[in-house]
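Handing you this structure, nothing more for now.
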There are 2 protein chains.
Amino acid sequence: MQQTKTVRFASTTRKLFESKNMSSESVQAARNTDTKIKLSLPDRAYREIKRRILENEMPSGTIMLESELADLLDMSRTPVREALIRLSNEGMVEVRPRHGMRVLPVSRDDMIEIYDILTALESEAADLVARRGLSEQQLGQLTAAVDEMDQALEKDDLTGWANADERFHLLLVEFCGNKRLTNMVNTFWDQSHRVRLLTLRLRPKPSGSNDDHRAVVAAIARNDPDAARDLHRQHRLKSGTMLVEILEKHGLSNV
Amino acid sequence: MQQTKTVRFASTTRKLFESKNMSSESVQAARNTDTKIKLSLPDRAYREIKRRILENEMPSGTIMLESELADLLDMSRTPVREALIRLSNEGMVEVRPRHGMRVLPVSRDDMIEIYDILTALESEAADLVARRGLSEQQLGQLTAAVDEMDQALEKDDLTGWANADERFHLLLVEFCGNKRLTNMVNTFWDQSHRVRLLTLRLRPKPSGSNDDHRAVVAAIARNDPDAARDLHRQHRLKSGTMLVEILEKHGLSNV
DNA sequence: GCATGTGTTAACGTATACATTAATAAATAC
DNA sequence: GTATTTATTAATGTATACGTTAACACATGC
């Protein structure tokens, strides 16, 4: 796969990045003792680097040396190295000796891979949720997310819609009670997060999407695992296909 | 989940472990410069520790300090720490400060979680393989694995059967071409490897299992993704259920 | 100009030093 | 004897030191 185009939104993003670099706010956030839990420095480094990637403050292709990260985060190289092992294992960055850490772009092919996995895991989660059933509260949470998507669409609030959509999917997975599956799904949501964020306004208005969500919730409510699994699978296949088409249509080879 | 029983096979395993501890073979293996690739010390530590876990040389519940591992592997603590981060992220061990690394037992509930995930991912892999098709060579490899399972069963060679079974499943996943999915499946195979190994002679002779494999291969060969996915899914649900029942029947709460 | 060789240097990879503190041992109180 | 407090110590977590060597800069040859 030849790298033909890397999306950077350079001027805006670079500026925000430098601005944040100048401020001590996020450095302090990485360094502060949390009042409830004292986080180790590797944990802090991991969280802060990841936050910057997810929020596109470190866009794909960003290269930083261990020593630069250590300076940025006001700690020695050791905890930075430990954090990078974790981030590297999660597919968020690659680590090349003497070149440092590079934030991994997400290609069209990457997205296909990721969505194939999410399709499988989320569908299985829907099946499991339908088998074990939901409490009234859990059902209420799912339904609330669906309602919020509707409301966001009425207001043309795409960001609101995306947040509620994410919440719906992640709640669904969490309710299946399989911690490993939930962690896996979170990992792949993280890997694909920036693509969804950056393509949010390039996609058609997600009008029919919530019909799918409602159908999945209804299948779950009547404890029909096969239907829940299939409906969610179809939904996931549709949204995955659409996202890939957007990447292709706009020539976004690496985000 | 209260820990009521931890399988140790203590006398045999302990003995082998100590014997191996005494020899310098595996230490040298971890230390030797490979003639093709010079492995970093964290990589070596990771591989050697993992090998010992998978081969039950470090059985579940084994506790070792960083310094002990460093001595064992003839290196300093730093690469050991780095290896443990990876192993911990893969769910093979847990790391507790001042208690060291502990090889994680795999409970009945863990196995249910793991098999739910494998069911989802392998079924998706079967779907993808059927869509993209197989080369003659790939088809030959799958068929060879199935044939070897048959032959192993004729000879009552359970180990041979298990190896061929593993090869079948992992090839199937590899042929779908999704590297992330393959890596995930490998991780969960690793987590459940010792349970399969240790229950191999407790299970009924896997007579009908290969019928399932053949049916999956046939569906793939005629490029029928829905059939491939469903057949493999049913196969996986069966084998997962059976394995869990064995754990329950023999009171194996943690392996 | 391009290709090749040599020298320099800095980014690791790894070992070691040091500060922190959780866990354990010992002392004390009842 | 049991419960509580205090002292000790060793296992981290983290920083730093040092050796290795890949990457780069510069020189040389064609």
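Below, read A as the first sequence line, B as the second, and so on, with proteins coming before strands; counting in each chain starts at 1. Heavy-atom basis, side chains included; hydrogens, waters and symmetry copies ignored.
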> Would you say the side-chain atoms of R132(B) pair up with the backbone N or O of C176(B), donor to acceptor, closer than 3.5 Å?
Replying inline: yes
>> Report for the helix from dG1(C)-dC30(D) to dC30(C)-dG1(D): angle between first-end and last-end helix axes, five pairs each, rounded to 10 degrees.
In response: 10°
> Under 3.5 Å, side chain of R194(B) to main-chain N/O of E55(B), donor-acceptor pair present?
Replying inline: no
> Between dC12(C) atom P and I63(A) atom CD1, what is the distance in whole Å?
Replying inline: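 One finds 11 Å between P of dC12(C) and CD1 of I63(A), rounded.
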>> For D110(B), is there any backbone N or O sitting under 3.5 Å from a side-chain donor or acceptor partner on S107(B)?
In response: yes
> Which residues, if any, of residues 77-95 of chain B bring a heavy atom under 4.0 Å of DNA chain C?
Replying inline: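 Here the set is R77(B), T78(B), P79(B).
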> Over how many whole Å does the gap from M75(B) atom CE to dA15(C) atom P extend?
Replying inline: 7 Å
>> I'd like to know if R86(A) and D43(A) make a salt bridge, using a cut-off of under 4.0 Å between side-chain N and carboxylate O.
In response: yes
>> Assess, by modelled atom type and distance only, whether the side chains of Y115(B) and E122(B) contain a donor and an acceptor separated by less than 3.5 Å.
In response: no
> Atom CZ of R44(A) to atom P of dA15(D): distance rounded to whole Å?
Replying inline: 11 Å
>> Test of understanding: with side chain to side chain contact (heavy atoms under 4.5 Å, CB included), list the residues that count as partners of E113(A), not counting sequence neighbours.
In response: N178(B), K179(B), R180(B)
>> Please enumerate all residues that pass salt bridge (Lys or Arg N to Asp or Glu O under 4.0 Å) together with E174(A), with sequence neighbours excluded.
In response: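 By the salt bridge (Lys or Arg N to Asp or Glu O under 4.0 Å) rule, E174(A) matches no residue at all.
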For nucleotides 6-11 of chain C, print each protein N/O atom paired with a nucleotide N/O atom at under 3.5 Å, atom names and distance only.
residue : atom : partner : partner atom : Å
dA11(C) : N3   : R98(A)  : NH2          : 2.7

> To the nearest Å, how far apart are L41(A) CG and dT20(C) P?
Replying inline: 13 Å
>> For E57(B), is there an ion pair with R51(B) - N to carboxylate O distance below 4.0 angstrom?
In response: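 Salt bridge present between R51(B) and E57(B).
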> Once you round it to whole Å, what is the distance between C1' of dG13(D) and CG of L39(A)?
Replying inline: 14 Å
>> If the threshold is 4.0 Å, N to carboxylate O, is there a salt bridge linking R44(B) and E48(B)?
In response: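 E48(B) and R44(B): not salt-bridged.
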> Rounded to the nearest Å, what distance is computed from the CG atom of residue L73(B) to the P atom of nucleotide dG13(C)?
Replying inline: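 The answer, rounded to whole Å, is 19 Å.
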> Are side-chain N/O atoms of S239(A) and R236(A) paired as donor and acceptor at under 3.5 Å?
Replying inline: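 Note: S239(A) and R236(A) side chains meet the donor-acceptor criterion.
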> D190(A): what forms a salt bridge (Lys or Arg N to Asp or Glu O under 4.0 Å) with it, not counting sequence neighbours?
Replying inline: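 Salt bridge (Lys or Arg N to Asp or Glu O under 4.0 Å) list for D190(A), sorted by chain: K50(A).
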> Starting at OH of Y46(B) and ending at P of dG13(C), how long is that distance when rounded to a whole Å?
Replying inline: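 Taking atom P of dG13(C) as the reference, OH of Y46(B) is at 18 Å.
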>> Without decimals, in angstroms, what is the distance between M64(B) CE and dT12(D) P?
In response: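 In whole Å, dT12(D) P and M64(B) CE are 11 Å from each other.
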